[in-house]
Protein chains: 2
Amino acid sequence: MKSILKRKNISETPFRKSVLEIISDSSSAVSISYIENKLGEYNRVTLYRTIKTFLETGIIHSISIAGEDLRYAMCEDTCQQDNHIHNHLHLQCTQCNSVYCVDLPADSFINKSNHLIDSFEVHAKGVCEHCQ
Amino acid sequence: MKSILKRKNISETPFRKSVLEIISDSSSAVSISYIENKLGEYNRVTLYRTIKTFLETGIIHSISIAGEDLRYAMCEDTCQQDNHIHNHLHLQCTQCNSVYCVDLPADSFINKSNHLIDSFEVHAKGVCEHCQ
DNA sequence: CTTATATTTGCATCACAGTTGCAAATATAT
DNA sequence: ATATATTTGCAACTGTGATGCAAATATAAG
Ligand SMILES: [Mn+2]
Ligand SMILES: [Mn+2]
Ligand SMILES: [Zn+2]
Ligand SMILES: [Zn+2]
C-alpha cells in the first residue's frame, strides 16, 4: 500500500517521514515543541513548511486551545485540502493535560466515552439567525 | 449599581471603559484588530495589558479557532479569575464568519438553537482513560 | 478639597514565532 | 542516466506580544 505522503501526492523526503512518524506515533495531539524535541537536528523553516503542507493536504489537523500551544493530530483518511471532517471530541485531561481525539456518534457524546467529562465547549459551524 | 470594572476591583480608566464598551456592544465575539479599528488613537501596549487584565479578572473570555485570530466575548457575571464556566456553544456562521456565544442546556444542544448547525467540534475537559 | 499612595499608561526596547526570496540539494518522471 | 519539479537551508524580515521604567492618573485618607 502507498504511503500517506504518496497518497497525498507530495514528495517522500526523510524529513517529512520523521515528522509524520512523530505525530502518528503519539496517542495524543502534539505541539510543535514536542516535535522539535523528538527531532534531533532540524531546520526551523523546514519544520514550519512541513506542518503547513501536512495541514493543507489533509494529513493532520490542528487543535486550538486558548492560552496553549496549537496541537496537531492525524486526520481521518477521508480528510482533504479544505475538506476536513472531524466531528469528534477533543478531550483534554485535567490531570495530564494531554488532548485526545475521541470518535463518538455525532449527536450524543457526553458521558458515552471512556473518559470522565467535567466540562466541555462546543465549536459549531452553521448559519446564524442573522444570516438565515 | 457598581460598574463591571469596580465590581472586579480594578481601576476605572477611560481607556478600559472604551475597550469594555466595544466588546460588550458587539453581539458577536471580537478580535483584537476589530477593537483596534474601533478605538481612535490608542497605545498597543496598553491595549494588550487591558485585554490581559480583563481575561484575568473574568470580565471577558477568549475563543480560539485554528487559523483565525483569537476572539473575545463578555463573560457571565459569575466568571472569576481561573474559574470561568462557559458551557455554551460557540457558533461560527459559515456565511458571515461571526462567532456567537449561544447558551443552551448542557447536554442537548444540537439543533435546539435558532441557528442551523452544519458541523461541530467539542472541546471537553475531564480525566482521560489513562489517568483514571 | 487636598494630599499621599497605589495603579495604570506610554515609551523604548526586546523576544520570539512564523514567513519569504533565493540558490543548492534532493526527489520524481522519462 | 538525465531532465524537470520539488524541497531544503540560509539569511533576513515581519508582526505580535512582553518588559522595565518614569510620568500620568486614579483611588483612598484626612
Ligand atoms: Mn482532518
Ligand atoms: Mn468567562
Ligand atoms: Zn451569520
Ligand atoms: Zn490524562
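Only heavy atoms go into these numbers, but all of them, side chains included; no hydrogens, no water, no symmetry mates. The model shown is predicted, which means the values in this text are computed figures rather than measured ones. Numbers restart at 1 for each chain; the letters A, B, ... are given by sequence-line order, proteins then strands.
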S.K.: Rounding to a whole Å, what distance do you find between B:Ile51:CD1 and D:dT16:C1'?
M.R.: 14 Å
S.K.: Which sits closer to the 5' end of DNA chain D, B:Ile32 or B:Ser11, going by the nucleotide each is nearest to?
M.R.: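 On the 5' side of the pair lies B:Ile32.
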S.K.: Between D:dT25 atom C1' and B:Leu5 atom CG, what is the distance in whole Å?
M.R.: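 For the pair B:Leu5 CG and D:dT25 C1', the rounded distance is 15 Å.
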S.K.: Using whole Å, what does the distance between atom P of nucleotide C:dA17 and atom CD1 of A:Ile35 come to?
M.R.: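 The distance from CD1 of A:Ile35 to P of C:dA17 comes to 14 Å, rounded to the nearest Å.
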S.K.: Is a donor-acceptor pair below 3.5 Å formed from side chain B:Arg44 to base C:dG10, judging by atom type as modelled?
M.R.: no
S.K.: Starting at atom NZ of B:Lys17, determine the distance to atom P of D:dT25, rounded to an integer number of angstrom.
M.R.: 15 Å
S.K.: Can you tell me the distance, in whole Å, between the CD atom of B:Glu36 and the P atom of D:dT16?
M.R.: 7 Å
S.K.: Looking at B:Gly126, is its backbone amide N or carbonyl O close enough to the side chain of A:Thr94 to form a donor-acceptor pair, meaning the two atoms are under 3.5 Å apart?
M.R.: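 Yes.
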S.K.: I'd like to know if the side chain of A:Ser26 and the backbone of A:Ala29 have a donor-acceptor N/O pair within less than 3.5 Å.
M.R.: no
S.K.: What's the closest nucleotide to the side chain of A:Val45 if the choices are D:dT19, D:dC10, D:dT7?
M.R.: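 Closest nucleotide among those given: D:dC10.
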S.K.: Just N and O in the side chain of A:Tyr48: are any of them under 4.0 Å from OP1 or OP2 of C:dG18?
M.R.: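 A:Tyr48 to C:dG18 OP1/OP2: side-chain N or O found under 4.0 Å.
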S.K.: Using a 3.5 Å distance criterion without hydrogens, assess whether the side chain of A:Gln92 forms a donor-acceptor pair with backbone atoms of A:Asn97.
M.R.: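 Yes.
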S.K.: When you check the phosphate oxygens OP1 and OP2 of D:dT8, does a side-chain N or O of A:Arg49 lie under 4.0 Å from one of them?
M.R.: no
S.K.: What's the closest nucleotide to the side chain of A:Lys52 if the choices are D:dT8, C:dT20, C:dA27?
M.R.: C:dT20
S.K.: Between B:Thr13 and D:dT25, is there a side-chain N or O to OP1/OP2 distance below 4.0 Å?
M.R.: no
S.K.: Going by the angle between their ring planes, with limits at 30° and 60°, are A:His88 and A:His61 parallel, tilted or perpendicular?
M.R.: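 Correct class here is tilted.
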S.K.: Please report the distance, rounded to the nearest Å, between CD in B:Glu12 and C1' in C:dA6.
M.R.: 16 Å
S.K.: Phosphate oxygens OP1/OP2 of C:dT28: is one of them under 4.0 Å from a side-chain N or O of A:Lys6?
M.R.: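 Yes, within the criterion.
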S.K.: As a quick check of understanding, evaluate side chain to side chain donor-acceptor pair (under 3.5 Å) for A:Ser31 and A:Ser33, giving each step before the final call.
M.R.: CA-CA 5 Å; A:Ser31 63; A:Ser33 60; 3.3 Å; yes
S.K.: Between D:dT8, C:dC11, D:dG9, which nucleotide gets closest to the side-chain atoms of B:Asn43?
M.R.: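 Of all the options, the side chain of B:Asn43 is nearest to C:dC11.
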